[in-house]
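What follows is a single structure, written as structure tokens, with notes after it.
Just so you know, these numbers come straight off a predicted model, no measurement behind them. These values consider heavy atoms only, across backbone and side chains, with no hydrogens, waters or symmetry-generated copies.
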Amino acid sequence: MLDAVERAVREVGRDLAGRQAAEPLAAATPERARAAFDALDRPAAALLRERLTALRPRAGWLDDEWAREVPGDGEWWLCDATDGAVQYLSALPQWAVTATLLRDGAPVLAVVHAPLAGATYAAAAGGGTRLDGRRCAPRPRTLATALVATSQPPRIARDPQALRAAGASLAAVLPHVPAVRNLGPTALQAAQVGSGHLTAFWQYGADPANLLPGALLAAEAGAVVSDVRGAPWTPAAPSFLAAAPGVHAQLVGLLRPV
């Protein structure tokens, strides 16, 4: 089934990549930008839903990509046909197509495909993580040689505590690493920890729709996934940290006081 999901996600990615404009969208208002995006995203989302429903007809479908509550029972598809809408409309390559199957509130399968980067991450619970068909794992690093990343969930301005912590965390981590970056979709960045392209990724604020696929991909590859205090991560957690095993404890030490 994982291979079939990967084929569906790649199909949607090819379609979207072929329709991405070569120049950034000229939209004077958020409403115009949203309308332009919907015209591209809705057909892609419909195609993805058609393909995945055929694979798992009895699974439910979570349409709201900003959802903060994850159903605790049954099987559900959690998908984002164009994860990284801002980058897509800005004619940038950092966007992805994601598909995650949840069972009783936990991810059991996830695929994140970045068409313009030519990278496809896929994992099933207990089976490890593949990058473009090959098993991947975090790379050994020290913080002194680490490229780390962070991001913010949608509408973080509505969560003043998360907003404050996001800023404070940069001041806490920057003195210890060569660089902190935000490289696009949250799920993709968490997956990149699993393949060693990033050494760590963290975020403040509840964001299960974007973190669930990345959490599975990172953990199945061998990264340590927790909240920033080192406790097990859950979809309701107010923070997220995925890191290579050798630096996880150090990052918890830096981020816990924030």
Side-chain angles (χ1 to χ4, degrees), residues 2-55 61-67 77-100 110-123 130-133 136 147 149-156 181-195 197-198 201 203 207 209-214 217:
L2 185 59
D3 291 340
V5 174
E6 188 173 330
R7 287 194 295 271
V9 168
R10 285 177 177 271
E11 179 184 0
V12 173
R14 284 193 300 271
D15 180 63
L16 282 165
R19 292 190 288 145
Q20 187 178 19
E23 298 293 332
L25 174 71
T29 67
E31 292 75 19
R32 288 179 60 188
R34 185 71 204 189
F37 177 72
D38 285 345
L40 294 162
D41 181 71
R42 285 177 177 170
L47 177 60
L48 188 58
R49 182 168 185 169
E50 177 185 336
R51 296 291 187 264
L52 298 183
T53 298
L55 296 175
W61 193 268
L62 298 176
D63 288 311
D64 186 0
E65 65 187 71
W66 314 127
W77 286 111
L78 175 64
C79 302
D80 193 344
T82 319
D83 188 9
V86 173
Q87 292 89 252
Y88 187 93
L89 294 177
S90 297
L92 292 169
Q94 293 94 349
W95 56 274
V97 184
T98 71
T100 308
V111 175
V112 173
H113 173 54
L116 300 187
T120 305
Y121 290 86
R130 304 183 318 216
L131 171 56
D132 298 330
C136 61
L147 175 62
T150 187
S151 186
Q152 303 80 41
R155 304 171 184 173
I156 189 175
R181 297 289 185 261
N182 184 340
L183 299 176
T186 297
L188 179 60
Q189 293 184 89
Q192 288 170 329
V193 176
S195 61
H197 291 86
L198 291 172
F201 171 83
Q203 181 172 290
D207 189 19
N210 291 312
L211 289 171
L212 279 161
L217 291 163

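Taking CZ of R42 as the reference point, atom CZ of F37 lies at 10.0 Å (rounded to 0.5 Å). Atom OG1 of T150 sits about 5.5 Å away from atom CZ of F201, to the nearest 0.5 Å. Within the model, atoms CD of E50 and CG of L55 stand 11.0 Å from one another, a figure rounded to the nearest 0.5 Å. Rounding to the nearest 0.5 angstrom, the gap separating the CG atom in N210 from the CG atom in D80 is 6.5 Å.
Contact between V111 and A122 at its shortest, heavy atoms only, is CG2-CB, 4.1 Å. Closest heavy-atom contact between W95 and G84: CB-O, 3.7 Å. Nearest heavy atom pair, residue A33 against residue L89, reads O-CD1, 3.8 Å. A81 approaches V97 most closely through the heavy-atom pair O-CG2, 3.2 Å. Shortest non-hydrogen contact noted between L2 and A110 is CD1-O, 4.2 Å. Looking at every heavy atom in both residues, A91 comes nearest to A22 through CB-O, 3.8 Å.
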Would Q189 and Q203 satisfy side chain to side chain contact (heavy atoms under 4.5 Å, CB included), going step by step from the backbone distance to the final call? CA-CA 11 Å; Q189 293 184 89; Q203 181 172 290; over 6 Å; no

Side chain to side chain contact (heavy atoms under 4.5 Å, CB included) between D83 and L188, worked out: CA-CA 9 Å; D83 188 9; L188 179 60; over 6 Å; no

Would you please test L48 and W77 for side chain to side chain contact (heavy atoms under 4.5 Å, CB included) and show each step? CA-CA 10 Å; L48 188 58; W77 286 111; over 6 Å; no

Do L131 and H197 pass the side chain to side chain contact (heavy atoms under 4.5 Å, CB included) test, and can you show the C-alpha distance, the side-chain angles, and the key distance before you say yes or no? CA-CA 11 Å; L131 171 56; H197 291 86; 3.8 Å; yes

Stepwise salt bridge (Lys or Arg N to Asp or Glu O under 4.0 Å) test for R34 and D38: CA-CA 6 Å; R34 185 71 204 189; D38 285 345; 3.1 Å; yes

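Counting only heavy atoms from C-beta outward, the side chains of L147 and Q192 never approach each other to under 4.5 Å. The shortest distance between side-chain heavy atoms of V9 and T120 does not fall below 4.5 Å. Between C79 and L52 there is a side-chain heavy-atom pair separated by less than 4.5 Å.
A side-chain donor-acceptor contact under 3.5 Å links N182 to the backbone of G184. Q20 places a side-chain N or O within 3.5 Å of a backbone atom of L92 that can act as its donor or acceptor partner. Although no hydrogens or angles enter the test, the distance criterion places no donor-acceptor pair under 3.5 Å between the side chain of T82 and the main chain of A85.
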With a 3.5 Å cut-off and sequence neighbours excluded, list the donor-acceptor pairs that the side chains of residues 11-19 form with protein atoms.
{"unit_1": "E11", "atom_1": "OE1", "unit_2": "R51", "atom_2": "NE", "d": "2.9"}
{"unit_1": "E11", "atom_1": "OE2", "unit_2": "R51", "atom_2": "NH2", "d": "2.9"}
{"unit_1": "D15", "atom_1": "OD2", "unit_2": "R19", "atom_2": "NE", "d": "3.3"}
{"unit_1": "D15", "atom_1": "OD2", "unit_2": "R19", "atom_2": "NH2", "d": "2.9"}
{"unit_1": "R19", "atom_1": "NH2", "unit_2": "L40", "atom_2": "O", "d": "3.1"}

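Every residue was checked against the salt bridge (Lys or Arg N to Asp or Glu O under 4.0 Å) condition with R181, not counting sequence neighbours, and none meets it.
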